[in-house]
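Note on naming: letters A, B, ... go to the chains in the order of the sequence lines (proteins, then strands), and numbering restarts at 1 for each one. What's counted below: heavy atoms across the whole structure, side chains too, no hydrogens, waters or symmetry copies.
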Amino acid sequence: MAAYPFAQIEEKWQRYWDEHETFETPDEPRVAEDGTPREPYYVLDMFPYPSGSGLHVGHPEGYTATDIVARYKRKQGFDVLHPMGWDAFGLPAEQYAVKTGTHPRETTEQNIATREINTTDPDYYKWTQWIFLKLYEKGLAYQAEVPVWWCEELGTTLANEEVIDGKSEVGGHPCERVPMRQWMLKITDYAERLLGGLDDLDWPASTIKMQRNWIGKSTGAEVDFGVVGHPEDHLRVFTTRPDTLFGATYMVLAPEHPLVSKVTTEKQAGAVEDYIREAQQKSELERTELQDEKTGVFTGGHARNPVNGEKIPIWIADYVLATYGTGAIMAVPAHDERDYDFAKKYDLPIREVVRPPGDADAPRSDAPEGAYVEKEGTLVNSDSSGHAVGGIAEQGVSLNGLSVAEAQEKIIAWLDDEGQGRAATTYRLRDWLFSRQRFWGEPFPILLDEADEPKPVPEDALPVTLPDIDSYEAIGSGKSPLEGLPEWVETNDPETGAPMRRETNTMPQWAGSCWYYLRFIDPGNDELPVDPEKEKRWMPVDLYVGGSEHAVLHLLYARFWHKVLYDAGVVSTKEPFQKLVHQGLILGEREFTRYLDEDDHAVSAEHVSDGSDGKIDQRTGEPVRAVEVPKEEVEKRGDHFVLEADPDIRVEARAHKMSKSRGNVINPDEVIEEYGADALRLYEMFMGPLEQVKPWSTDDVAGVSRFLGRAWRLVAGEDARDLDSSNALADPITDARPSSQQLRTLHQTIENVTDDIEGLRFNTAIAALMEFVNEARSWDALPRGVAEDFVLLLSPFAPHLAEELWQRLGHSGSLAYEPWPELVEEHLEEDTVEMAVQVNGTVRATIAVDAEAEEEAVLGRARAEENVQRHLDGKEVQREIYVPGRIVNFVAGG
RNA sequence: GCGAAAGUGGCGGAAUUGGUAGACGCGCGAGGUUUAGGACCUCGUGGGGGGCUCCCCCGUGCGGGUUCGAGUCCCGCCUUUCGCACCA
């Protein structure tokens, strides 16, 4: 039998909330009893985003946390907006999973029905298109030819990750890089603001850092190098170390650099072409992963260093990325590790120009081993001031003797004066490739004329809806499936009537989720994405909870759109999400694994490591296979778990990510079936800190379920078996005044639970509620007022049970808007306190002393303790440490 | 390779201003209750030791240090997890 009748209780109260629209968020602020309007509080979960592993208990974790905060804030007198919705675009095959993915609302209640939004609803994506038009009007959406992987056999384009060794991951068909017309969003225009905006956000430091790294701001200089034999051209490089210009002994271009063919000499043409072809076959993944050995070829051409007129060779190498900076670098092997490796391999000259601090005077004929990359030291070998620099400047420049910082400043000024360079900032962030050749996405509100010139669809013609078709399959040749629907594609210019074609690419998955938090505020508006008054009232989102896998993509894209909407006057805040928390992953139950080699001999776990093709015995390189071991056959020896039957064989003990293939997925529906939604909520929060990765343990769910049963019986009575035993109360519920001891227990609980919810420490908040119940069960009688406050404290965590108990305590309505119990400090005060007495830092006794006791009296009591005397015997007390209410420490020696 | 976070009982985790380490829960043990129980109740539970209402020693990844006092602060390692990975 269940610990308490949760099934009846939960069904009853879910129906009640639904019928009474208990959690409806009003558009107009509610007014508190004293006439002041309630403050708004906006708490939001990231859109459910279905994955291949289907529905599992990780899903409700974030929702439960936000639901607890929402319920708590309502009791604190806030108007709370806590909506839910889903993003169904992008993954048609998983739409069913998306729908079941929203099912966890059973655990978070149907408090959202009237604000539900769905990105695939034309009434929603009308405004996604509207926002795209704003981007377009501002010149932030443009078309460009971008190389993408194209697979002829599969008839589709593929992402970088889907191509290995120039072949498709699926089927192994050959692929090639083809430039295609793509829509791009100019997120780079906002790089600086996206960076600056991070400063004032209450976000996890790691996420802020990831965004900073992603944006990747570098400051330095652009420098123009002349091309020998081509006076009309120059090679522009970006460098963060312009101080090392005199140390540049060669240049390297990315294989895709536009000037490669021009600088290549006839003699080198064959080698260069071969190299470029090879580089093209590699995916970007390979180019970066196979980093062990750098490769490159000499073009035969030379460049001229603007600071000294030196003629240096031009190479091409794929360690220089076409997409970063200018796609060309000056190589300073003495002060850059990559350049150093390359110079060593191809025997290129290395010239030291920054001498590390400490050996400034040491004369050096040979370049030192390795690259010195620190920015401390003194410039050497950097002087062209005695002469004109041929064709560039009348007078050279000297950096010798300067620090790195001084040298940078001086050389940038000199380059600027001579027109050969300038201070510059570069970002790693690239413009956002915004089009997909898929059916299931938002259509672009764009028409193309006969010359392929885009023209926006007028606002009043939105939305541009997807056609109603059965087959979503690709039609080949790199075209969107929409292209095969002439009746949809062919249209007329609504202004001139001229024949036009619709843009057939669709928007990527991220589009709809870039602004959904605004739509929740005003879901039915057909005039605007969101009403400005309402936007002002609710924004920004006060608490945003979601997985860290979106740390860069969604959170960066949404911030970008938000800033564009701010510039367009649509929103009043510069940042959308004020406070952000990532819930930690929930892993499967802990498993014990042993390993067997091919002959079924046991292999101790410490010898097993990851091979290229699964687990191997690292001593022999032989493959091993994993076998699960029941936990009864395992014991702990020292730091490791071993087989009970053979203690020399270690087993691996760890929890794994839930996945269908591993078969360790816990389904929340089954947990709810057995223990109820309140128990599931409570357990998910009790497991540990919200942000932390935690292993699931079904046994532990039983523990919190027992606690709920004890709470139920504490208030409803030991005999309360089901709802039919009417509105029974426990006999010991009394109308007598609570004792000071009872008040102290209650108010300690109020203090702990309140502080812990504020800090999102739900695990310790629940522990405090458990302590209350453990204590209260020993009382002869439970005063009604104490019981009521306890039920209110419990209610954010176990709302169904709390409502039922609240009703049994004599209330007719929901407790959802009952005020949160207030802490009364004086109830916390204790008459006596326990203090530890130490001798030389080790506890030798504890004494109960009057809370008001004077230091001397306490020390006297402490000294009088028998065990303290024993340890002080024959010693002289040199010092007495007294920390009121906490500790006494006698420091004795001799 | 670089960066960040974290290492506490058999397990999940408490103890974030240095002040009685192990709250709370699981598991385990003993007892009670029950026709029965994967229910409920009571007590115990870091390890070791003793002459066992009590006392002693050891104990928060490892090695040093600061302090009357360190899980907490400092220095140096080790391990794990998560990011980033030629960004000039």
Mind checking the C1' distance from B:C77 to B:C28? Whole angstroms is fine.
-> 37 Å

Same-atom distance (C1') from B:G12 to B:U17, integer angstrom | 28 Å

Interatomic distance at C1', B:U45 relative to B:G25, whole Å | 14 Å

Below 3.5 Å between N/O atoms, which protein atoms pair up with nucleotides 1-8 of chain B? Just atom names and distances, please.
from : atom 1 : to     : atom 2 : distance (Å)
B:G3 : O2'    : A:K209 : NZ     : 3.0

Name the nucleic acid region contacted by A:Q838, choosing base, sugar-phosphate or nothing; use a 4.0 angstrom heavy-atom cut-off, strictly under.
-> base

Should A:N763 be listed as having a side-chain N or O under 4.0 Å from OP1 or OP2 of B:A14?
-> yes

Can B:C52 be described as syn, meaning its chi torsion is within 90° of 0, or is it anti?
-> syn

C1' gap between B:A4 and B:U20, integer Å = 34 Å

Within the structure shown, what part of the strands sits under 4.0 Å from A:N889 by heavy-atom distance: base, sugar-phosphate, or nothing?
-> base

A:E278 and A:T295, any side-chain heavy atoms less than 4.5 Å apart | no

CD of A:E337: more than 12 outside heavy atoms within 6.0 angstrom?
-> no

Going by an N to O cut-off under 4.0 Å, is there a salt bridge joining A:E830 and A:R744?
-> yes

How would you label the contact of A:N867 with the nucleic acid (heavy atoms, under 4.0 Å): base, sugar-phosphate, or nothing?
-> sugar-phosphate

For B:C55, take OP1 and OP2 only and decide whether either is under 4.0 Å from a side-chain N or O of A:R844.
-> no

Taking OP1 and OP2 of B:G69, is either one under 4.0 Å from a side-chain nitrogen or oxygen of A:R879?
-> no

OP1 or OP2 of B:A39 less than 4.0 angstrom from a side-chain nitrogen or oxygen of A:R706, does that happen here?
-> yes

Heavy-atom check, side chain of A:K375 versus side chain of A:R241, under 4.5 Å | yes

Result for 5'-nearest mapping on RNA chain B, choosing between A:P689 and A:N774, is A:P689

If you look at every strand shown and take non-hydrogen atoms under 4.0 Å, does A:V843 touch a base, only sugar-phosphate, or nothing?
-> sugar-phosphate

Pick base, sugar-phosphate or nothing for A:T240, based on heavy-atom distances below 4.0 Å to the nucleic acid.
-> sugar-phosphate

Indicate yes or no: at least one non-hydrogen side-chain atom of A:T244 is less than 4.5 angstrom from one of A:V354.
-> yes

Which part of the nucleic acid, if any, lies within contact of A:V693, taking any heavy atom under 4.0 Å across all strands shown: a base, the sugar-phosphate backbone alone, or nothing?
-> sugar-phosphate

Distance test, side-chain N/O of A:R777 to OP1/OP2 of B:C41, below 4.0 Å | yes

For residues A:T698 and A:Y675, is any side-chain donor paired with an opposing acceptor at under 3.5 Å?
-> no

Any idea which heavy atoms bring A:M330 and A:D339 closest together, and the distance?
-> O-OD2, 4.0 Å

With syn defined as a glycosidic angle within 90 degrees of 0 and anti as anything else, the base of B:G9 is syn

Please work out if A:H871 contacts a base, only the sugar-phosphate, or nothing of the nucleic acid, heavy-atom cut-off 4.0 Å.
-> sugar-phosphate

Whole-Å C1' distance, B:A39 and B:G71 = 39 Å

Within the structure shown, what part of the strands sits under 4.0 Å from A:E834 by heavy-atom distance: base, sugar-phosphate, or nothing?
-> base

Does A:K294 make a cation-pi contact with A:Y319, if we ask for NZ or CZ under 6.0 Å from the ring centre and within 45° of the axis?
-> yes

Taking the nucleotide of RNA chain B with the closest heavy atom to each, which residue, A:M687 or A:R886, is nearer the 5' end?
-> A:M687

Between the OG1 atom in A:T593 and the CZ atom in A:F641, the distance rounded to the nearest 0.5 Å is 12.0 Å

Does A:N752 have a side-chain nitrogen or oxygen under 4.0 Å from the phosphate oxygens OP1 or OP2 of B:C24?
-> no

Whenever both distances are under 3.5 Å in a Watson-Crick or G-U wobble pair, mark it; put RNA chain B into dot-bracket that way, with [ ] for crossing pairs and | when the partner is on another strand.
-> (((((((..(((......[....)))((((((.......))))))(((((...)))))..(((((..]....))))))))))))....

If you take all heavy atoms of A:T425 and A:T219, which pair is closest and at what distance?
-> OG1-CG2, 3.7 Å

Indicate, with a heavy-atom threshold strictly under 4.0 Å, whether A:R212 touches base, sugar-phosphate, or nothing.
-> nothing

